[in-house]
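What follows is a single structure, written as structure tokens, with notes after it.
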Amino acid sequence: MSKDNYTISQIFNTSGTMSADKPTYIVRKADNQLYDNIKKGNFCYVLAARQMGKSSLKTRVIKRLKKENYACVDFDMCVITLENVNTTSLYFTIITLLNRLLHLKIDIQVWIRANIHATPTARFLFFLEDVVLKLEKRNIVIFIDEIDSLLSFKTDEFSSDDFFAVIRALFNARAENPEFNRLNFVILGVATPNDLIRDKDRTPFNIGVPIHLDLFNIDETEPLQNGLKHLGVDVDALMSEIFYWTNGQPYLTHFLCAKVAEAEGDYLDINELVQNSFIVLTRTGESETHFNCIENRIIFNANYNVKMLELYQKLLLGQKVKSNNSDSEQLYLKLTGLVIARGNELQITNRIYENKFDKKWLIETFERIDRPLASDILRWLEMDKAETATIKGPLLMRAFEWEKSRNDLTALETEYFDFLRQCERLDKERRRKKRFKLFLFILIALISAVGLFFFFWNIDVVLK
């Protein structure tokens, strides 16, 4: 295949959802897991970091299901929850889309008026039970994508907990009404299962099968390699160099493959391409949006941003961190895509992230969220918590003033301030001992001088 025979953007996917028939789509375990579980009637959720291939997976599975006469509805909540939408209009939009996409031909305005006294949430439930299941005789799968947009949807009336409670109620209703077995849901987005129902007084969202999206495996990359064969080089070796940097992260792998495919001439320097395409970038770089998403998911997570950065700091310093799926800061840091669980340990996803989100970035990000002592704490950790304070004098006093102004110190920050106080006590003790030694020295010198004076005075008297 010559380079002129195709458009690189048609081969590699560097933005948006990948079409189901794209030749470089890599089939992963998740493809069959999602398809098989839907066929079994299981509710499923695909919760992962951005640009891991969730929407592309959905598109591919929908195509397979439609071939088997499934009725599939695809909701993009990012579009549905635009500005100026309230709870009533949100559910009205969902019901209207269901009516249109399933070709039910119901007069929605008339139906709404007939159910005007029901709450918007109840109307949604009634519409699924009394209209959708009665008029659509096929198996129905409702895909709810970009679920994080719904979770962040702000209005006094709306509760995302209620929305997911309806889905759970439909699942539980299967025990009494077999018709509900024909209705299935797939939830996709950047969230944790605990985010779906956040009210601690309500039953958690404990239904469904989690579908895990793994990084690309280099053994699965033949579709990508086909798009590089026009270069006339050892494509296996080339892909190994690409994976050295991306570790199979879907977006970065496709993006780097596209950059390689565009390279002119026989000389290919992957390291240089990585530097120019990812590491040394202005805020207008092609791939910078990808990095901004990662950064923003940390910075704007007000409840966990400091702990997430501290956790990432450990990994940057080469410390081992055991993977723990019940640890909230770990779960949210994984959702950024910046780290993954490999075996029983947490690790930075790839070398591109490790170089892009380095110590300089870490300190700058800490400071952006009003953690001005980040560089001092990092230096202290790099010194293996040495017994010498990293700040003294007026800087130390300002640090203690900042500490007093906070009521959200982390365990590490508390430890650091305890260390500073200990250093201050030791420093005061050393200064006290130094002053005492100086006093003793002066006293002894004075006594010696007085003794010498009287000694020579007595000699002088005797000689006279």
Side-chain angles (χ1 to χ4, degrees), residues 6-81 93-94 97-98 100-103 136 138-150 167 183-191 208-217 220-224 226-227 248-255 257-258 289-290 293 335 337:
Y6 65 91
T7 302
I8 287 170
S9 62
Q10 294 174 336
I11 300 297
F12 300 105
N13 195 62
T14 58
S15 63
T17 301
M18 197 172 192
S19 62
D21 56 354
K22 206 151 193 173
T24 46
Y25 183 88
I26 292 179
V27 178
R28 290 176 276 179
K29 289 180 181 178
D31 287 79
N32 291 326
Q33 287 175 345
L34 180 56
Y35 173 77
D36 291 341
N37 276 287
I38 290 173
K39 294 280 288 182
K40 292 174 183 175
N42 294 327
F43 281 31
C44 300
Y45 51 89
V46 187
L47 305 177
R50 290 210 171 276
Q51 295 186 304
M52 277 292 291
K54 295 182 295 297
S55 296
S56 300
L57 166 69
K58 172 197 68 180
T59 302
R60 190 91 167 185
V61 169
I62 286 176
K63 184 177 180 180
R64 291 177 70 181
L65 292 170
K66 283 184 174 180
K67 285 182 178 179
E68 300 185 28
N69 201 34
Y70 274 74
C72 296
V73 179
D74 184 6
F75 286 150
D76 184 341
M77 300 309 294
C78 191
V79 176
I80 293 175
T81 56
T93 302
I94 293 173
L97 285 172
L98 279 169
R100 181 181 300 171
L101 295 173
L102 292 173
H103 308 290
E136 177 55 74
R138 296 175 294 173
N139 288 330
I140 307 156
V141 185
I142 299 175
F143 292 82
I144 306 174
D145 201 355
E146 300 287 352
I147 201 65
D148 34 311
S149 296
L150 185 68
I167 295 176
L183 179 62
N184 207 344
F185 285 86
V186 177
I187 296 167
L188 306 98
V190 186
V209 177
I211 306 297
H212 300 288
L213 267 178
D214 298 323
L215 301 175
F216 289 162
N217 188 311
E220 303 167 337
T221 58
E222 184 179 352
L224 295 177
N226 290 335
Q249 200 285 333
Y251 168 77
L252 295 179
T253 303
H254 268 273
F255 194 98
C257 282
T289 301
H290 174 78
C293 283
L335 278 180

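Quantities reported herein were computed from a predicted structural model and do not represent experimental measurements.
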Pairing residues for Ala71 by the side-chain contact (heavy atoms from CB on, under 4.5 Å) criterion, not counting sequence neighbours: Leu102, Glu136, Arg138, Ile140

From Arg60 atom CZ to Leu34 atom CG, the distance as rounded to the nearest 0.5 Å: 13.0 Å

Value rounded to 0.5 Å, distance of SG in Cys78 from CD1 in Ile147: 11.5 Å

Nearest atoms (heavy-atom pairs only) where Asn184 meets Gly41: ND2-C, 3.4 Å

Contacts of Phe185 that satisfy ring pair (Phe, Tyr, Trp, His ring centres under 6.0 Å) - sequence neighbours left out: Phe43

Spacing of Thr289 atom OG1 and Tyr251 atom OH [to the nearest 0.5 Å]: 7.0 Å

Within-4.5 Å side-chain heavy-atom neighbours: Tyr70 and Ile62: no

Within-4.5 Å side-chain heavy-atom neighbours: Asn226 and Thr24: no

Main-chain N/O of Leu57 paired with Asp31 side-chain donor or acceptor, under 3.5 Å: no

Steps toward side-chain contact (heavy atoms from CB on, under 4.5 Å) verdict (Leu65, Phe143): CA-CA 12 Å; Leu65 292 170; Phe143 292 82; 4.0 Å; yes

Note, Ile94 side chain near Met77 side chain (heavy atom, < 4.5 Å): yes

Atom CD of Glu222: over 12 foreign heavy atoms under 6.0 Å: no

Pairwise side-chain contact, Glu220 with Val27, heavy-atom cut-off 4.5 Å (strictly under): no

Leu97 vs Val73 side-chain heavy atoms within contact, under 4.5 Å: no

Pairs flagged by salt bridge (charged side-chain N to carboxylate O under 4.0 Å, His left out) wherever residues 33-59 is involved - sequence neighbours left out: Lys39-Glu68, Arg50-Glu146, Arg50-Asp148, Lys58-Asp74, Lys58-Asp145

Heavy-atom check, side chain of Leu215 versus side chain of Met52, under 4.5 Å: yes

Arg28 (side chain) donor-acceptor with Leu213 (main chain) under 3.5 angstrom: no

Side chains of Ile167 and Ile144 in contact at under 4.5 Å (non-hydrogen atoms): yes

Nearest-0.5 Å distance, CG of residue Asn217 to CD1 of residue Ile26: 9.0 Å

Gap between atom OG1 of Thr221 and atom CZ of Phe216 - 0.5 Å precision: 9.5 Å

Cys44 side, atom SG; Leu188 side, atom CG - distance, nearest 0.5 Å: 9.5 Å

